Amino acid sequence: MMLQQTQVDRVLPKYEEWIRKYPSLGTLASARPADVARTWRPLGYNVRPRRLHWIAREVMTRYDGELPSDETTLRSFKGIGAYTAGAIQSFAFGRRAPIVDTNVARVLFRVFVGRGDRTTTSLKKHLWSLSAAVLPRQNVFDFNQALMDLGAMVCVSRRPQCPICPMRPICEAYPFEADAERNRA
DNA sequence: GTCCCGAATT
DNA sequence: AATTCCGGAC
């Protein structure tokens with residue numbers, strides 16, 4: 001939840017501090033709201049700590065202290081949307097669940113679509129089906145992680161590193177990116 | 001200004 | 001589909 005629309009570099013130190021202070025959902029659940037809010041600062045989107053706190057309490061009272069692993073229950077919590085539910089399932093539980101965040105959306109769009117409007121609802125749905133389609137049956141954790149890392153480090157928004165990209169041979173957008181790069185030179 | 005391991009609300 | 005929530009790096 002910290003990573004929702006917030007960069008890894010900014011989350012990492014806060015995550016360490018957070019886990020030291022609240023090493024389990026139980027300790028988080030019994031913390032005071034003001035304390036939780038203060039610890040969160042200055043990550044932003046301050047509704048997130050409130051929702052996370054509430055989730056911790058719900059898990060302790062209604063789910064016997066164990067975070068549920070199924071899509072429907074995870075999505076029933078305020079603060080856990082499509083991406084976070086997929087991340088929890090695949091990263092925490094090793095389940096075969098697709099993810100689409102900003103980075104993955106960019107990678108899948110470039111590799112399999114290439115051009116067009118990226119803001120439409122139908123395209124968003126298409127990207128989710130692509131993410132599910134390319135998902136292997138094993139090593140889901142590593143695959144999803146690699147997909148995100150590719151988007152974060154190689155297939156970046158501005159000046160993507162096409163020359164070192166393993167997807168270049170099949171990438172629908174590569175011709176256009178190479179074109180853009182040529183124009184800079 | 002754009003972007004970031006989004007989600008809820010309208 | 002558009003808006004709101006937030007902050008820091010670039």
Side-chain angles (χ1 to χ4, degrees), chain A residues 1-19 33-34 36-59 67-111 116-132 134-136 139-162 165 167 173 177 180 184:
Chain A
M1 289 182 68
M2 282 182 176
L3 287 162
Q4 291 167 1
Q5 201 67 20
T6 308
Q7 290 94 328
V8 178
D9 292 344
R10 214 152 67 81
V11 164
L12 219 47
K14 179 58 66 179
Y15 174 78
E16 298 294 338
E17 177 191 349
W18 186 273
I19 289 297
V36 173
R38 193 173 344 107
T39 308
W40 186 268
R41 232 159 19 203
L43 275 188
Y45 290 131
N46 297 320
V47 70
R48 292 183 295 173
R50 292 200 297 273
R51 288 172 173 162
L52 184 53
H53 195 190
W54 188 81
I55 290 171
R57 291 174 173 279
E58 282 293 289
V59 168
L67 183 68
S69 62
D70 65 287
E71 172 88 19
T72 305
T73 311
L74 288 171
R75 288 292 299 272
S76 75
F77 294 115
K78 302 278 188 192
I80 298 182
Y83 160 73
T84 306
I88 292 172
Q89 288 177 89
S90 63
F91 297 141
F93 295 106
R95 301 190 68 195
R96 191 163 177 269
I99 52 168
V100 176
D101 67 356
T102 314
N103 288 317
V104 174
R106 184 174 52 251
V107 171
L108 295 176
F109 177 80
R110 280 179 176 159
V111 174
D117 188 2
R118 281 186 54 184
T119 64
T120 65
T121 304
S122 66
L123 179 66
K124 285 189 201 303
K125 288 177 65 177
H126 183 49
L127 292 176
W128 273 98
S129 76
L130 279 172
S131 184
V134 297
L135 198 60
N139 305 316
V140 177
F141 183 108
D142 290 340
F143 184 85
N144 277 347
Q145 198 66 53
L147 200 52
M148 301 178 85
D149 285 347
L150 186 65
M153 304 173 70
V154 178
C155 192
V156 291
S157 182
R158 280 170 295 200
R159 300 196 65 139
Q161 308 298 304
C162 299
C165 183
M167 294 296 104
E177 294 297 343
R184 278 182 214 106

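Since this is a predicted model, take the numbers as computed values, not measurements. Numbered from 1 within each chain, the chains take letters A, B, ... in sequence-line order.
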TODO: Write down the distance separating the P atoms in C:dC6 and B:dT10, rounded off to the nearest Å.
DONE: 15 Å
Open item on the list: Among B:dA7, B:dG6, B:dC5, which nucleotide has an atom closest to any side-chain atom of A:A82?
Closed with: B:dA7
Run the side-chain donor-acceptor check on residues 141-157 of chain A: report pairs under 3.5 Å with partners two or more places apart or on a different chain.
unit_1: A:N144; atom_1: ND2; unit_2: A:S90; atom_2: OG; d: 3.2
unit_1: A:N144; atom_1: ND2; unit_2: A:A97; atom_2: O; d: 3.0

- [ ] For A:Q5, answer base if it contacts any base atom (sugar-phosphate contacts may also be present), sugar-phosphate if it contacts only those atoms, and nothing otherwise; contact means non-hydrogen atoms under 4.0 Å.
- [x] base
Open item on the list: What is the separation between atom OH on A:Y83 and atom P on B:dC4, rounded to the nearest whole Å?
Closed with: 13 Å
- [ ] Would you indicate what A:F77 reaches in the nucleic acid, counting non-hydrogen atoms under 4.0 angstrom: base, sugar-phosphate, or nothing?
- [x] sugar-phosphate
Open item on the list: I want to check something: taking the side chain as every heavy atom from C-beta on, are A:I99 and A:L135 in contact at a cut-off of under 4.5 Å?
Closed with: no
Open item on the list: Side-chain N or O of A:R106 versus OP1/OP2 of B:dC4: is the shortest distance under 4.0 Å?
Closed with: yes
TODO: Starting from C1' on B:dC5, measure out to CH2 on A:W128 and report it in whole angstrom.
DONE: 11 Å
- [ ] Kindly indicate whether the side chain of A:V140, heavy atoms from C-beta on, has any atom under 4.5 Å from the side chain of A:R95.
- [x] no
Task: 5' priority, DNA chain C, between A:R158 and A:R10 [closest heavy atom] - done: A:R10
Open item on the list: Using modelled atom types and a 3.5 Å cut-off, is there a donor and acceptor pairing between side-chain atoms of A:R10 and backbone atoms of A:L43?
Closed with: yes
Open item on the list: For A:Q4, is there any backbone N or O sitting under 3.5 Å from a side-chain donor or acceptor partner on A:T6?
Closed with: yes
- [ ] To the nearest Å, give me how far apart CG (A:L52) and P (B:dA8) are.
- [x] 13 Å
Task: Outermost nucleotides of DNA chain C that come under 4.0 Å of a non-hydrogen atom of chain A - done: C:dA1 to C:dG8
TODO: Let me know, please, whether A:Y45 or A:T120 comes out on the 5' side of the other along DNA chain C by nearest nucleotide.
DONE: A:T120
Open item on the list: Quick check for you: to the nearest 0.5 Å, what is the distance between A:H126 atom NE2 and A:S131 atom OG?
Closed with: 11.5 Å
Task: Residue whose closest nucleotide on DNA chain B lies nearer the 5' end, A:T84 versus A:Q7 - done: A:Q7
Open item on the list: Expressed as a whole number of angstroms, how long is the span from A:Q4:CD to B:dA8:P?
Closed with: 8 Å
Open item on the list: I want to check one thing: is the phosphate of B:dG6, taken as OP1 and OP2, less than 4.0 Å away from some side-chain N or O of A:T102?
Closed with: yes
TODO: Whole angstrom is fine here: how far is it from CZ in A:R75 over to C1' in B:dA8?
DONE: 11 Å
- [ ] Tell me whether the OP1 or OP2 atom of B:dC3 has a side-chain N or O from A:S157 closer than 4.0 Å.
- [x] yes
Task: A:M148 CE - B:dC4 P separation (whole Å) - done: 11 Å
- [ ] From the options B:dC4, B:dA7, B:dA8, select the nucleotide whose nearest atom is closest to the side chain of A:K78.
- [x] B:dA8
- [ ] Measure the distance from CG on A:D149 to C1' on B:dC5 and round it to the nearest whole Å.
- [x] 9 Å
- [ ] Say whether, by atom type as modelled, one donor and one acceptor occur between the side chain of A:E58 and the main chain of A:W54 under 3.5 angstrom.
- [x] no
Task: Rounded P spacing from C:dC10 to B:dC5 in Å - done: 13 Å
- [ ] With heavy atoms under 4.0 Å as the rule, sort A:R48 into base, sugar-phosphate or nothing.
- [x] nothing
TODO: Starting from P on B:dC5, measure out to CZ on A:F141 and report it in whole angstrom.
DONE: 16 Å
TODO: Identify the two heavy atoms, one from A:P49 and one from A:Y45, that lie closest to each other, and give their separation to 0.1 Å.
DONE: CD-O, 3.8 Å
